[in-house]
Colleague: 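One structure, pasted below without further comment.
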Number of protein chains: 2
Amino acid sequence: MKQAKSNGRSERRDAAENRQRILDVAFTLFELQGVEDVSMNQIAAEAQIGSGTLYRRYHNKSELCMDLIKDSKELLFEDIEVYQEENAARPPAERLRGLLALFIKFKEKNAQLLAGIENSFSSGAQSRTESPLYIELHELVVRLFEEMAAQNGDPQPDSVFRTDMLLTALSSNSYLFQKNMRGLSPESILEQLCQTFI
Amino acid sequence: MKQAKSNGRSERRDAAENRQRILDVAFTLFELQGVEDVSMNQIAAEAQIGSGTLYRRYHNKSELCMDLIKDSKELLFEDIEVYQEENAARPPAERLRGLLALFIKFKEKNAQLLAGIENSFSSGAQSRTESPLYIELHELVVRLFEEMAAQNGDPQPDSVFRTDMLLTALSSNSYLFQKNMRGLSPESILEQLCQTFI
DNA sequence: ATATTAAACGGAGAACTCTCCACTTGTCAA
DNA sequence: TTGACAAGTGGAGAGTTCTCCGTTTAATAT
């Protein structure tokens with residue numbers, strides 16, 4: 001994990017220790033009290049560092065959550081890739097459904113952190129749509145939509161737009177609303193999404 | 001405007017004056033600095049009231065924005081009603097498109113306040129989907145979708161879900177993303193929405 | 001008029017996010 | 001080894017949102 005900075009010197013040892021401590025503390029605290037109810041201050045205090053140090057590494061809680069979820073995210077994309085390869089023969093619509101199913105499973109497993117990511121984007125800054133998770137997923141989905149459009153000679157419904165809508169529908173806000181207010185199960189959400197967008 | 005409270009005494013005169021002052025100050029300040037950059041404190045100070053008094057009337061900036069937008073909202077619904085009546089003969093898909101066009105015009109005219117409403121929902125509290133604007137719009141759109149479903153005997157795509165998706169696509173987040181990042185004009189957004197959801 | 005009282009008031013202060021910057025400390029080159 | 005210095009640190013403090021609660025006051029009943 002050394003040479004973290006792509007240019008210049010490698011990360012200082014004490015800095016690396018602090019980073020690890022932050023991650024550990026955050027993980028534990030999130031587990032214990034829920035992401036929403038843990039403040040950056042609390043994390044800093046518990047990790048025995050100044051809040052400035054914490055903010056130096058993570059500009060906001062979002063970024064911290066992203067770092068915490070990185071491994072799961074990589075697993076997700078591996079799963080997706082395997083699935084896509086194993087089902088390369090099947091029609092793209094079906095492969096898209098498979099991808100969505102995997103993503104929904106991922107959402108269920110990381111609901112808290114994902115909600116934390118979306119709710120804690122600091123004011124004027126970036127949004128959900130600029131996170132690597134969004135961008136990478138977007139790419140994959142667009143490709144599938146374009147494959148679908150190529151098969152039937154339809155007057156190309158803009159794949160990028162359609163993908164944005166589909167992923168917006170899977171944002172924590174929208175997804176949790178469907179679960180909690182409309183009472184839909186993950187399975188029926190998947191079903192409805194396919195019916196609406198595919 | 002007296003007897004505002006449905007039960008009990010009428011609103012106190014000084015309270016009414018304060019309310020008006022708050023609204024005036026907020027309107028001016030929002031105009032001057034942008035909704036995002038005006039704090040509740042600032043409004044209270046400028047209106048010469050304690051912040052407690054401000055919060056007593058509006059639990060958060062969202063509610064204040066909602067009060068400020070009330071008149072425009074009513075105009076919107078009048079416009080929609082007129083349009084629906086004048087075009088009652090046309091197919092529901094077309095009427096839905098008309099409704100969306102009116103709503104988008106409304107969004108353009110009230111972009112700042114609407115964004116303020118969606119961004120300032122205080123933490124655990126209610127969301128976009130519980131505002132009267134959402135609920136009323138939802139009702140109208142569901143009706144249109146159901147009319148559409150009734151005409152062709154399709155295996156009823158759930159109108160409620162479809163409406164939620166459509167309105168989510170028109171939330172400030174999603175809408176502004178399409179405008180600013182994807183570079184779509186209001187017209188092309190309307191076009192794409194129809195292609196995707198109708 | 002006067003008393004009563006629910007409503008309205010205001011501002012201190014708790015809890016938070018995030019910035020700033022003077023200070024400290026690993027690291028690397030000499 | 002040592003010294004320069006970029007990197008890292010910490011905590012005060014500015015600016016927010018929102019709550020709490022003792023005080024004031026307008027509207028009503030008497």
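As a basis for the values below, the full set of heavy atoms in this structure was taken, side chains included, without hydrogen atoms, waters or symmetry mates. So that the names make sense, note that chain A is the first sequence line, chain B the second, and so on, each numbered from 1.
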Colleague: Is the shortest distance from a Lys or Arg side-chain nitrogen in A:Glu108 or A:Lys179 to a carboxylate oxygen in the other one below 4.0 Å?
Modeller: yes
Colleague: Does a salt bridge link A:Asp24 with A:Arg21, judged by any charged N lying under 4.0 Å from a carboxylate O?
Modeller: no
Colleague: Starting at atom CZ of B:Arg19, determine the distance to atom P of C:dA7, rounded to an integer number of angstrom.
Modeller: 15 Å
Colleague: Report which part of the nucleic acid B:Asp14 touches: base, sugar-phosphate, or nothing (heavy-atom distance under 4.0 Å, all strands).
Modeller: sugar-phosphate
Colleague: May I have the distance from A:Asn18 (atom CG) to D:dA7 (atom C1'), rounded to whole angstrom?
Modeller: 12 Å
Colleague: Of all the nucleotides listed (D:dG10, C:dG26, C:dT17), which has the minimum atom distance to the side chain of A:Ser39?
Modeller: C:dT17
Colleague: Would the base of D:dA27 count as contacting B:Arg12 through its side chain, where contact means a donor and an acceptor less than 3.5 Å apart?
Modeller: no
Colleague: Go through the structure and list residues passing side-chain contact (heavy atoms from CB on, under 4.5 Å) with B:Ser39, not counting sequence neighbours.
Modeller: B:Asn41, B:Gln42
Colleague: Rounded to the nearest angstrom, tell me the gap between atom CD1 in A:Ile22 and atom C1' in D:dG8.
Modeller: 11 Å
Colleague: Can you measure A:Ile49 atom CD1 to D:dG11 atom C1' for me and round it to whole angstrom units?
Modeller: 12 Å
Colleague: Choosing from D:dG10, C:dT17, D:dG8, which nucleotide comes nearest the side chain of A:Thr53?
Modeller: D:dG10
Colleague: Using atom CZ of B:Arg21 as one end and atom C1' of C:dC9 as the other, report the distance to the nearest whole Å.
Modeller: 12 Å
Colleague: Give the rounded distance in Å between these two atoms: CG of B:Asn119 and C1' of D:dT16.
Modeller: 15 Å
Colleague: When the distance from OH of B:Tyr55 to P of C:dG11 is rounded to whole Å, what number comes out?
Modeller: 16 Å
Colleague: It should be established whether A:Arg56 places a side-chain nitrogen or oxygen under 4.0 Å from OP1 or OP2 of nucleotide D:dG8.
Modeller: yes
Colleague: Can a donor-acceptor pair be found between the side chains of A:Gln195 and B:Asp158 at a distance below 3.5 Å?
Modeller: no
Colleague: Does B:Glu136 pair with B:Lys73 as a salt bridge, N-O distance under 4.0 Å?
Modeller: yes
Colleague: Nearest to the A:Met40 side chain among D:dT9, C:dT17, D:dT16, which nucleotide is it?
Modeller: C:dT17
Colleague: What integer distance in Å separates B:Arg13:CZ from C:dC9:P?
Modeller: 12 Å
Colleague: Name the residue closer to the 5' end of DNA chain D, choosing between A:Arg57 and A:Asn41 according to the nucleotide with the nearest heavy atom.
Modeller: A:Arg57
